[in-house]
Amino acid sequence: MKKLLVVLLLFFCYSVLKAQQSLNDQEKALQALKQSGIVRQEGNTLIYKVQKASDTVRVRLIYGNLFNNPKYSIGFDVDGKIYYNKKKLLPKDLSETKAATKDTLLTSIPVVKTIPNTTIAKTPGQLHLISGSFLIRRVADYRYLTFLNPADRNGRLPVLWRQIESPIQQNWNFILQPDGLYKIKSASGMFLQVVKSPDKKMVAVLRDDSNDPGNTWQLKDLGDGVFHIISKDGYFLEFEDRKRDGEPVYLNTTRQESDFQKWHLIKIDGQKKVMTRFNPVQHGFHFANTFPNIQFWAGGTEISMAGRCAGMSWAAMDYFINNVPIPLLTELPSEGSTLSTYIAIRQERSTHANIDDFAELVVNPFGWRTTEIFNWGLQGENNGKMQRVKAAIDAGYPVPIMLFNATNLLAHHSVLAIGYSLDRYAGDLGNHKEDFQLYVYDPNHPEKIQTLIPDLSNPANPRYFYPTVKAISPGSGEWLAYFPSDGYIAQSPLNTDGMSGCPNPIKQISGKSYRGTTHNNESFKCAVANHADFYGATFSQVDFENAKLDSANFFGANLRNTNFSNTKLTKTNFEGADLKDSRFLFARSLNAIFNGADMKLSQLSNGEFLNCKFVGADMHRTILSGSSFSGSDFSRTSLSNAVCDNTDFSRTILTSPNFQNANLRGANFRNASLYNVDFRNADLTNADFTGANFWGLPIKLDGAILEGVIGLPH
C-alpha cells in the first residue's frame, strides 16, 4: 500500500512538473511570437495577425498549444480589423461550408471556401503592385529607372535619369508570376532582365519577354514604399555612386544597407479614386501661370509673390461653381487687362484669407513640429487637413489648397484639389501612408492633372511632391504641408464672351481663295469663312477661335499650333493637313474629314465630332476627354498614348485602331464596330462596350487595366 502511495505521489509530482514545464514553454513561445510581430497582447487577449480569414486554420495548427491556455482569450487581426471569439476559440473545421453559428465562428469572419489548387490567392501587397503603373526611383538621389531610347530597340540598357514627363520611358508594371516573383515590364513593352556583361559583371538589360530565369524578380518591401529589387538568383538591383545621368544598372550579390540598393515604388495612378467633375482641360485656364511678381500688404507685412497661382485657382473655382465656361485664352492676358486684374484681386483675397494659417505653420522652432505639421495632411480624422479636403471632394466640390514651403517662405504655392485616392491607406496615420494621392489642377501646368503624394523616405524631412515633375514652382518643388483655403467664398466670374474679344468688324471671307498663302500670327477670330479655300496654305500661331468654317477646305495645309476652339466645322476638309499641337476645344463638327491628318498632341476635348472621318489619322498623345465622336470612322487610326477618359465612341467604326497605352477610363463604346483593335497596356477602367460588335478576335489586351469594364469579351 505504501509503495502504491509513493508511486502515485511521484506520478503527481511528475505531472505537476510536466505541466509547469509546458506552461514555461508556452510563455517562451509567446514571447518569441511577440518579438516577431505575429502576436501582440492587449490585457489578457492575444491578437494574432493574419492576412485573411482562412489563415486562422493555419495559425491554429501551428500555435495550437497557446489556444488551450485558459489564461488568455484569443483575437485575430484580419487586414487591420480585429475579430474575437464568442465562446470557443475556433471551430473544429473551418474548411466546411456550413452556415456560421454564434458559438463556433469568429465574429464577422465569413465562411471560408476551399480554393482550387489552380487559384493563386494574392496578398494585399501583391494586389497593390499589380494594379497600376509605377515609377522606380532610387532612394539615394531621387533619380529614376529609365528606358532612355524606347524607340530604338537596340538601345536596351536601362539607366538612371532625372525626372522626365515621358510615361513610356519611366513607367513600369509588375506582373505577378505563379512562384510569387514578378516580371518588370517597361511601358515600352520591354522586360527588365539580368545578363552577364563581357567584363563578367551582372547587368540589367531590357529585352522582349522570355521564360529565362533572369526575367523574374523578388520585391522585398522595406516599408513606406521602399523596396529591394532582387533577381531570382539573388542579385540586388543597384547603381554605382555616380552623379551623372545615364549610368547603367548593375547588380550585386551582397546585400548592402545603403540607399544605392533601395528603391521607391511610386504608383502613378492610385486605386479607389474619387474625382469631382472638375476637368483641367475644360474648367482650368488654358495658359500657364507666368504672371510677374505682385506686391501688396497683408497682416502688416509687404508680400511679394512670383505669379498668381492662388488667384488662378480661386478664379477657376469661381467659373466652375457658377457653371460659367472659363475663357478660352491660351496666351497670358496682358497686365492691366480685365482678366489679369480679376485674377490679381482673387490672388490678394486668397493671401489675406490664409495669412493666419501660414503664421501657424511658420512657428516651428528647431523643426520640433515638422512631423506634426506634415501628418496633418495624412490625418483622415479628428479634423485633419486630409479629412476636410476628402469630405469636400466626396460631396463633389473641388477645394482650393495652399502648399507650404518650409525652407523658402516666398515659394508657397496654391492649387485646386479635384480628387483623391487612398488605395490601402485608412487615413489613420498607420500603414501604407505612401499610397495616399491627391489629384490637383495646378495653374503652373495648364490642362493637366497633377498628383501630389507624400514622401516618407526621410522621417526628419518629410515632404509632399509631384512624382513626375522636377520643379513645380520657382525655387521649389516640395512642400512640408498643405491646408484647405477656408477663406474661399465664390464670386461671380467675368462674362466669357467679354473675354474672347471678337473684333469689330468681324472678317467676312466666305468663298475666298487663300491657296498656298502664308499666314503668321494672324487672327481669324470669329471670322465667317464658309466655303473658304485654304488648300496647301501655311499657318503659324493663327487663331480661328469662334470662327464659322462650314465647308472650308484645309486640304494639305500646315496648321501646326492653330487654335480652332469653339469653331463650327460642318463638312470642313482637313485631309492630309498637319494639325500637330492644334486646339479644337469645344469645337462643333459634323461630317468633317480628317483622313490622314497628323494630329499628334492636338487637343479635341469637350467637343462634338459627329459622323466625322479620321481614317489613317495619327492621333498619338492627343487629348479627347469628354468629347463625342458618335458615328465617326477611326479605321487605321493611331490613338496610342491618347487621353480618352469619358470620351463617347458610341456607334463609331474602329477598324485596326491602335489604343496602346491610351487612357480610356469611362469611355463609351456602346454599339461601336471594332475590328482587330489593339488595347495593349490601355486603361479601360469602367469603359462600356454594351452592344459593341467585335471582329478579328482575339482582342489585344496584354497589360490592359480592365477594372469595371462592361461588355468586353476577354
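Considering V389, V399, L452, I393 as possible partners of Y420, the one that fulfils the side-chain contact (heavy atoms from CB on, under 4.5 Å) test is I393.
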Stepwise, does the side chain to side chain donor-acceptor pair (under 3.5 Å) test hold for S638 with H620?
CA-CA 6 Å; S638 174; H620 173 70; 5.4 Å; no

Would Q170 and T146 count as a side chain to side chain donor-acceptor pair (under 3.5 Å) here? Give the steps.
CA-CA 5 Å; Q170 292 187 330; T146 306; 3.0 Å; yes

Begin from the C-alpha positions of I266 and I453 and carry the test side-chain contact (heavy atoms from CB on, under 4.5 Å) through to its verdict.
CA-CA 9 Å; I266 303 171; I453 66 172; 3.2 Å; yes

Decide yes or no on side chain to side chain donor-acceptor pair (under 3.5 Å) for D442 and H413, but give the supporting numbers first.
CA-CA 9 Å; D442 187 327; H413 195 34; 3.0 Å; yes

Could you please spell out the steps behind the side-chain contact (heavy atoms from CB on, under 4.5 Å) verdict for H432 and L422?
CA-CA 9 Å; H432 306 304; L422 298 180; over 6 Å; no

Test I449 against M275 for side-chain contact (heavy atoms from CB on, under 4.5 Å), laying out the working first.
CA-CA 11 Å; I449 295 177; M275 300 295 292; 4.2 Å; yes

Run the numbers on D455 and K433 for salt bridge (Lys or Arg N to Asp or Glu O under 4.0 Å), then give the verdict.
CA-CA 9 Å; D455 182 1; K433 291 187 288 288; over 6 Å; no

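Side-chain N or O atoms of N173 include one that pairs as donor or acceptor with a backbone N or O of G132 at under 3.5 Å. Between the side chain of Y441 and the backbone N or O of H445, no donor-acceptor pair lies under 3.5 Å. W217 places a side-chain N or O within donor-acceptor distance of the main-chain N or O of L192, the cut-off being under 3.5 Å. A donor-acceptor contact shorter than 3.5 Å links the side chain of T276 to the backbone of I418. Using modelled atom types, one side-chain atom of Q387 and one backbone atom of N382 make a donor-acceptor pair closer than 3.5 Å. Judged by distance alone, with hydrogens and angles left aside, the side-chain atoms of K267 form a donor-acceptor pair with the main-chain N or O of H128 at under 3.5 Å. A side-chain donor-acceptor contact under 3.5 Å links W172 to the backbone of L145.
The side-chain hydrogen bond (donor to acceptor under 3.5 Å, both in side chains) check on K185 picks up nothing, with sequence neighbours excluded. Considering only residues two or more places apart in sequence or on other chains, Q169 meets the side-chain hydrogen bond (donor to acceptor under 3.5 Å, both in side chains) condition with S166. Residues satisfying the side chain to side chain contact (heavy atoms under 4.5 Å, CB included) test with S210, not counting sequence neighbours, are Q193, D212, N215. The ring-ring contact (aromatic ring centres under 6.0 Å, His included) search around F174 returns F134, not counting sequence neighbours.
Residue pairs meeting the salt bridge (Lys or Arg N to Asp or Glu O under 4.0 Å) criterion with at least one member in residues 370-384, sequence neighbours excluded, are R369-E372. The stretch residues 367-390 participates, sequence neighbours left out, in these ring pair (Phe, Tyr, Trp, His ring centres under 6.0 Å) pairs: F366-W368, F374-Y464.
In this structure, a donor-acceptor pair under 3.5 Å is present between the side chains of Q660 and D678.
A cation-pi contact, defined as under 6.0 Å to the ring centre and within 45° of the axis, links K273 to Y439.
For the residue pair A204 and P158, the shortest heavy atom distance occurs at O-CD, 3.3 Å. The shortest heavy-atom contact between V709 and L684 is CG2-O, 2.9 Å.
Applying the 6.0 Å contact sphere to CZ of R207 captures no more than 12 heavy atoms from other residues, nucleotides or ligands.
Here the two rings, on H412 and F404, have centers that are under 6.0 Å apart.
Under the 4.0 Å criterion applied to side-chain N and carboxylate O atoms, D435 and R424 are assigned as salt-bridge partners. One finds a salt bridge joining D683 and R665 here, because a Lys/Arg side-chain nitrogen approaches an Asp/Glu carboxylate oxygen to under 4.0 Å.
Using a 4.5 Å heavy-atom threshold, the side chains of H228 and K262 count as touching.
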